[in-house]
Number of protein chains: 2
Amino acid sequence: MSKPAAARLIPKVPTKVPRVGARRTTRSSTKRELVAVAEELFAEQGYPATSLDQIVGQAQVTKGALYHHFSGKQALFEAVFERVEAEARASIQAGLKDQRDPWLKAQAGLRAFLDVVQQPAYRRIVVLDGPSVLGYERFREQEERSTFAIVVEIVRAVLTAGEWDDGEVDEEMLQTFTRVFFGAMSSAGTSVASSDDPALAAQRVEAALGFILTGLRSLADAGVPLPDPAAGRDSAR
Amino acid sequence: MSKPAAARLIPKVPTKVPRVGARRTTRSSTKRELVAVAEELFAEQGYPATSLDQIVGQAQVTKGALYHHFSGKQALFEAVFERVEAEARASIQAGLKDQRDPWLKAQAGLRAFLDVVQQPAYRRIVVLDGPSVLGYERFREQEERSTFAIVVEIVRAVLTAGEWDDGEVDEEMLQTFTRVFFGAMSSAGTSVASSDDPALAAQRVEAALGFILTGLRSLADAGVPLPDPAAGRDSAR
DNA sequence: TCGTGTTCCATACCAACGGTACGTACCCAG
DNA sequence: CTGGGTACGTACCGTTGGTATGGAACACGA
């Protein structure tokens, strides 16, 4: 690959010179190095525009190493994806750890999420390329194990805290509400990230979502029950 | 491509046999044929997995024709994308054309959108591959000219119909609200499409979003003003 | 310490892909 | 009938993801 001028007609001899800077250091640091380099390049250029040659070049190894640790480009991406998602999850959880009131927790979670979604690596790898590369199903599995799981808990706290039914919330309905909120936050967050004035845009998103939450709260206070998915047409009005 | 056994060593003579079934029929039907075939294949296999050879093969032309009408694979995708988006827009608009009340209009629009997002072509081409292939910026431009524009108008109608301020809604806030709703619908819709029981899932989504709308409506009736993006921290609670 | 299996990785190669260069058949204005 | 533009077909190229092969370094029991 782009190295036509090198040792050519000595194919069988050891060829020597495996590495200058002493490879094989600690237990498979190569793998982590590959993931780190791949994360950087995927985040900068996107998945399709990043070639394996580029990755292994910058990681100072060859494709042999890469294909020893990963089954292919997609598997490498998946490792990167999980890493980024894990960081995001940790970051969000740190942002709402000392909030007790469900509504304040929701607000803190929203802010933390808006911060995360402005990081270029998260946007590019998780939001933009994630679904396309992993396929929607796999993308969703991964997502539901990390950031989505947090949102589920927040939404659950909000729904149970409201004086709707005491305790028990229909699990399916909870999932649906979370999907709705997660999508809203994700979309709004992405638009925040690509805004001219991200801070202002984030403020607007907070205001809008906060307004919606206030609406839900007023319903809770008024004793309006959560919708029953089994019922017929009784959504708006 | 994959035709090693053919006329080889007669490179300069016309080679003849341009086509069996008489090409060059009407005025550039080739272009539309290419778009149609590409839409089908992109929808089935996704953008990266569909090769140009496959497209031109099924369209009964060669890459020469393709590169005459389009500057490359991405340009072809964009043509397909616009076509699919235009159909979606028309479908949604047809679904809410005879609704006058803003809240009913919103509900009808939601249903129409949930229908659209269940079509495989729309999901794959617009939702899944769209952002990744076009890049977020271009994707957004296209989107805002079609389906997003409809949602803007619906949201505007809802916001102005509520007795918030009479008339005038802050344009930026409107945009933000729309992004939030659009994201919610898109995410929920996609999850509907990949659900085991799409009909039931759609019902749940309708219920959830309807509940949220009801909350907003109660705020409107109570005379709670729309949030002011300029104000500080006053979102939830 | 000597095999011997396993891990880890480099080298060389391949088929398929998107894209390009160039030629040619056709149409129409002059 | 001729020149130029349109609408393709054909052949070819560089790069890409992926594979086959083999060797070097370690682990470890005999």
Side-chain angles (χ1 to χ4, degrees), chain A residues 1-34 38 41-42 45-57 59-77 133, chain B residues 1-34 38 41-42 45-57 59-77 133:
Chain A
M1 276 69 189
S2 71
K3 287 202 302 178
R8 292 284 288 171
L9 298 180
I10 38 170
K12 279 300 102 111
V13 292
T15 324
K16 219 51 211 308
V17 189
R19 192 107 318 276
V20 206
R23 204 93 288 264
R24 178 66 79 0
T25 54
T26 68
R27 172 73 175 178
S28 198
S29 64
T30 300
K31 189 170 182 176
R32 278 180 295 173
E33 175 71 8
L34 279 170
L41 293 177
F42 285 155
Q45 319 170 343
Y47 179 83
T50 303
S51 74
L52 295 185
D53 289 332
Q54 209 179 345
I55 295 173
V56 299
Q60 303 256 52
V61 290
T62 63
K63 289 210 285 196
L66 196 159
Y67 275 90
H68 174 70
H69 290 289
F70 302 96
S71 63
K73 192 185 183 184
Q74 181 168 335
L76 175 58
F77 177 85
V133 174
Chain B
M1 276 71 187
S2 71
K3 286 203 300 179
R8 292 284 289 169
L9 297 180
I10 38 169
K12 280 299 97 117
V13 294
T15 324
K16 220 53 212 303
V17 189
R19 193 106 313 277
V20 206
R23 204 91 289 264
R24 177 65 78 2
T25 54
T26 67
R27 170 73 177 180
S28 199
S29 64
T30 300
K31 187 169 183 175
R32 277 179 297 174
E33 175 71 8
L34 279 170
L41 292 177
F42 285 155
Q45 319 171 341
Y47 178 82
T50 303
S51 75
L52 294 185
D53 289 334
Q54 209 178 346
I55 295 173
V56 298
Q60 304 257 52
V61 290
T62 63
K63 290 211 284 198
L66 196 158
Y67 274 90
H68 173 72
H69 290 289
F70 303 96
S71 63
K73 192 184 182 184
Q74 181 169 336
L76 175 58
F77 177 84
V133 174

- Message: Using a 4.0 Å cut-off on heavy atoms, which residues in residues 67-77 of chain B reach DNA chain D? List them by number, or say none.
- Response: B/H68, B/H69
- Bend angle of the helix from C/dT1-D/dA30 to C/dG30-D/dC1 from five-pair axes at both ends, rounded to 10°? 10°
- Message: Distance check, rounded to the nearest 0.5 Å: B/L66 atom CG versus B/H68 atom NE2?
- Response: 11.0 Å
- Message: Just the rounded figure in Å: distance from C1' of D/dC8 to CD of B/Q60.
- Response: 15 Å
- Item | B/L52 side-chain proximity, nearest of C/dC9, D/dG9, C/dG19 | C/dG19
- If you take atom types as modelled and just measure distance, does the side chain of B/K63 reach the base of D/dG9 with a donor-acceptor pair under 3.5 Å? no
- Query: Roughly how far, to the nearest 0.5 Å, is the CG atom of B/L41 from the CD atom of B/Q54?
  - Reply: 5.0 Å
- Phosphate contact (D/dC8 OP1 or OP2) by B/T30 side-chain N/O below 4.0 Å: yes
- Query: Can you tell me how far C1' of D/dT16 sits from OH of A/Y47, to the nearest Å?
  - Reply: 12 Å
- Residues in side-chain contact (heavy atoms from CB on, under 4.5 Å) with B/Q74, at least two apart? B/Y47, B/V133
- Message: Can you tell me which nucleotide in C/dC17, D/dG9, D/dT16 comes closest to the side chain of B/A65?
- Response: D/dG9
- Test applied, side-chain contact (heavy atoms from CB on, under 4.5 Å); reference residue, A/Y67; option that passes from A/T62, A/L76, A/L52: A/L52
- Task: Between A/S51 and A/G64, name the one whose nearest nucleotide on DNA chain D is closer to the 5' end.
- Result: A/S51
